[in-house]
There are 2 protein chains.
Amino acid sequence: MVTKCRNCPLRTRPIFEMMTENEVIFMQSFKNGELVVDAGTTIMMEASNSPQLYTALDGMGLRYKTLLSGERQVLNFVMPGDFIGLQAGVMHEMHHSVEATTDMTLCVFDRKRLWELFRDHPERAFDLTWIAAVEEHLLGESLAILGRMSGVERIARAFVRLFDRGAAIGATQGMEMPLPYKQQDLADALGLSLVHANKMLKRLRSEGTATWRNGRLIIHDYDRLCRIARLEKDATPVARPLI
Amino acid sequence: MVTKCRNCPLRTRPIFEMMTENEVIFMQSFKNGELVVDAGTTIMMEASNSPQLYTALDGMGLRYKTLLSGERQVLNFVMPGDFIGLQAGVMHEMHHSVEATTDMTLCVFDRKRLWELFRDHPERAFDLTWIAAVEEHLLGESLAILGRMSGVERIARAFVRLFDRGAAIGATQGMEMPLPYKQQDLADALGLSLVHANKMLKRLRSEGTATWRNGRLIIHDYDRLCRIARLEKDATPVARPLI
DNA sequence: CGTTCCATTGAAGTGGTTCAAGTACTGTGG
DNA sequence: CCACAGTACTTGAACCACTTCAATGGAACG
């Protein structure tokens, strides 16, 4: 049973830009189908050139790069509403891999029709560029985190960001949310060793700031977490387009 | 004396995608003028919303973020051919600052006309998205560098990347190129302290791999540098569009 | 000719890594 | 129903890559 764009549960969330009736109709025609994958599946492979582009509809995943040494750098976490495959769409190949952490459902678009979008729907093309710019901004922020912040600070920052994203798409219940990653994933995202990440998690837990256990993140003290993460607590997130 | 797009010295470099006659004409009409700034000028300010967009024509600069603590993370280095201000163009504001390191000349575009580009020139809009995707890819690579590589490795990597970019735009003479940054800039880009960056530079110098002095980078042993940087030496860089 | 900016170097301290071992849980086959 | 194998998490201990502090040298500049 494929979700119609009209009934897309993401579309109407305030974090996403409002779509006009026509846009919904176009997106529906642009949508090719749905892909359902098991946890652990590689959705897109570095250096490959996927014929399909996706938008995550349900479930969580992660983007990562593999270094020559075999180490892995997680670039960011994929949550519902995220567009996957832009690089494959415009450049000649992907420069990172995407993997499903949980079972996932993705909207499928045909790469070849991307050009149609640019030719006939400039507003949507604009949105796509917007998405790319947001992605760039997020990576820039991550870069600053890895470059300048300590272990606990990085973890606190990751928790705040993930929680805020979760809240934006309605994945939170109170001050909790599902966070189905492994400690190794987080460590790989933050440029920390597994051991050290584990110890910093323990610190946050035992001082009563945040607990991450059994795939669930519980924030006990959001203010303190923000302070540790060196974030001001205001931050009304800006709406972004959904494709 | 303003450079005509037709005579743009960058356009014909193999690193940039070929432009059709019509595209050159359109770019010329899109170009609003030129901006010439002194070394040290801030071209774009984080959280501002510049009415203008630029393409670097001559000179070098850098993009950076300022953290709440006042520290600075350099996101990357700006060289001729780089587009500046995409975030201001599509999002509501810039998320990083851009500063001229040397005197610079920039092509100026009117932000308000960006929409025209999307509406009437889908190929160019596509190119703009492409550029955003390239930017994203570069930041992803930087993230992996900061996350997983040691001090010397980071510096070696930066040198190879900068030299390759320099070669692509014809800024190199033999195995040398001008690199007018300060050690602090490099340290801020690589997430190292100034002191440590300095010591690693000394190591590369004294083992005869690369020397960076008086704003000039000299590579004595490119192969070794690549090995240190964990890069395979092939890497024909892909052509990218110029806007 | 002092001031300022940048590069350089030494010394001390530490945040993080690596190694190594142990626990806890889950699924699988006998 | 139990043994075991596999995976994730936890913890301690030793080490070292990097940071911070502090001082010096050299070039540029008014």
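Chain naming here is simple, since letters A, B, ... match the order of the sequence lines and numbering starts at 1 in each. What you see is a predicted model, and the numbers here were worked out from it, not measured in a lab.
- A straight line from CH2 of A/Trp212 to P of D/dA8 spans 12 Å, rounded to a whole angstrom.
- Both A/Gln184 and A/Lys199 lie close to DNA chain D; mapped to their nearest nucleotides by heavy-atom distance, the more 5′-ward contact belongs to A/Gln184.
- One can place CD1 of A/Ile155 at 12 Å from P of D/dC9, the figure rounded to the nearest angstrom.
- The side chain of B/Arg213 places an N or O atom within less than 4.0 Å of a non-bridging phosphate oxygen (OP1 or OP2) of C/dT8.
- Atom NZ in B/Lys182 sits about 15 Å away from atom C1' in D/dA27, given to the nearest Å.
- Side chains of A/Leu225 and A/Asp221 form no contact here, defined as non-hydrogen atoms less than 4.5 Å apart.
- A donor-acceptor pair is defined here as one N or O able to donate and one able to accept, closer than 3.5 Å; no such pair exists between the side chain of A/Glu99 and the backbone of A/Arg63.
- For B/Arg205 and C/dT8, the shortest distance from a side-chain N or O to OP1 or OP2 is below 4.0 Å.
- Rounding to whole angstrom units, CG of residue B/Leu192 and P of C/dA7 are separated by 15 Å.
- Salt-bridge formation is detected for the pair B/Arg157/B/Glu141: a Lys NZ or Arg NE/NH1/NH2 atom is positioned less than 4.0 Å from an Asp or Glu carboxylate oxygen.
- One interatomic measurement links the two molecules: CG of B/Asp188 to P of C/dC6, which rounds to 12 Å at whole-angstrom precision.
- Atom CD in A/Gln183 sits roughly 6 Å away from atom C1' in D/dC9 (whole-Å rounding).
- The heavy-atom pair separating A/Trp212 from A/Tyr181 by the smallest distance is CZ2-O, 3.2 Å.
- Comparing the end axes of the helix from C/dC1-D/dG30 to C/dG30-D/dC1, each fitted to five base pairs by superposing C1' atoms of four pairs onto the next four, gives an inter-axis angle of 30° (nearest 10 degrees).
- One interatomic measurement links the two molecules: CG of B/Leu146 to P of D/dC18, which rounds to 12 Å at whole-angstrom precision.
- The side chain of B/Asn198 places an N or O atom within less than 4.0 Å of a non-bridging phosphate oxygen (OP1 or OP2) of C/dT8.
- Within the nucleic acid shown, B/Gly191 comes within 4.0 Å of sugar-phosphate atoms alone, with no base atom in reach, counting heavy atoms only.
- Contact annotation: B/Lys202 side-chain N/O to C/dT8 OP1/OP2 distance is not under 4.0 Å.
- Listed nucleotides: D/dT11, C/dG16, C/dT8. Nearest to the side chain of B/Leu194: C/dT8.
- Atom CD1 of A/Ile228 sits about 4.5 Å away from atom OG1 of A/Thr209, to the nearest 0.5 Å.
- With contacts defined as side-chain heavy-atom distances shorter than 4.5 Å, the pair B/Phe159/B/Leu217 qualifies.
- Counting to the nearest Å, the C1' atom of D/dA14 and the NE2 atom of A/His196 are 16 Å from each other.
- Checking side-chain atoms of B/Asp58 against main-chain N and O of B/Met104 turns up no donor-acceptor pair under 3.5 Å.
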